[in-house]
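To start, the structure under review is shown below, and the notes come after it.
Atoms within each ligand, like the ligands themselves, are counted from 1 in listed order.
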Amino acid sequence: MHTPDGFTPSHVLPADLGSDAHAFAFRGDRVLVVVEADDTPAFPTLAALMGAGIAGVPHFLGRLGRAGCVAINLADDVAEPPGMRFVGLRTLFFKVPEPLLALAARAFQVVDWDRTHRYCGRCGTPTRDRGSERAKECPACGLVAYPRVSPAMMALVTRGRDLLLARAHRFAPGMYSALAGFVEPGETIEDCVRREVREEVGVEVGQLTYFASQSWAFPHSLMIAYTAEYAGGAITLEDDEIAEARWFPADALPHLPPSVSIARRLIEATAARLRAG
Ligand SMILES: [Zn+2]
């Protein structure tokens, strides 16, 4: 997930949004879609939503081309209007245009922040939205809360033409991926890569090379991916999350994560590079 081409972000709700605005309305973690005759889901326009009598707290996201985009926080007891359905975001991969799915994921993070920052975390006073930026502030003590983004690293360790891949217990059977973990306070991403690789598989790494990053709205991660050259140590599993880790030749990879994940792109691009090298 990333910022779609042609999207201009903004947090200032315009006076006239226009009837063609895209509405990303969430009840809990499920988003409201219109179900077309052939069962294809589509995000409703704001006009369609209002026509169906659905209303909630709006947050402006910006414009995709000329069309406004609004995240809407619905109450937990809002019923599905006729012809519409609440669905999980993950079910919409490859079923709605990618730019709209990326904006729905962005909308979910804004709505989730709106819901979880209604009161000041320091003094408990109800917060209010700031006019100057996407933030909530406490009128009593001045604490400011921004939407939460949690940086996480992903590391694909290479040794010659081999890749180190691991299986977490929660993975689908037979699936392996690169190592990953959240950044801790005080760490750089590079510190985090070295620590996670050491903690998860007992291996030391040398040269790190940045690959790419991906926003991941489940619930608010920013995944930052690297390749890391093996520098020493034998695979030792000490982390309870990891069921198995091993070296795979670049031309004999196991079952990998789905193509929507940065893990898949990282592994395939690196394997292709090693096979060609
Ligand atoms: Zn406060």
Any side-chain heavy-atom pair of P254 and F248 under 4.5 Å: yes
Inter- and intrachain pairs under ring pair (Phe, Tyr, Trp, His ring centres under 6.0 Å), touching residues 30-58, at least two apart: F24-F43
Hphob cluster co-occupancy, V193 + V183, side-chain heavy atoms under 4.5 angstrom: yes
Residue-atom pairs from the protein, N, O or S only, that lie under 2.8 Å from the Zn ion (ligand 1): C120 SG, C123 SG, C138 SG, C141 SG
Beyond-backbone contact of R246 with Y176, side-chain heavy atoms, under 4.5 angstrom: yes
CZ (R159) with more than 12 external heavy atoms under 6.0 Å: yes
Heavy-atom side-chain proximity of S177 to I267 below 4.5 angstrom: yes
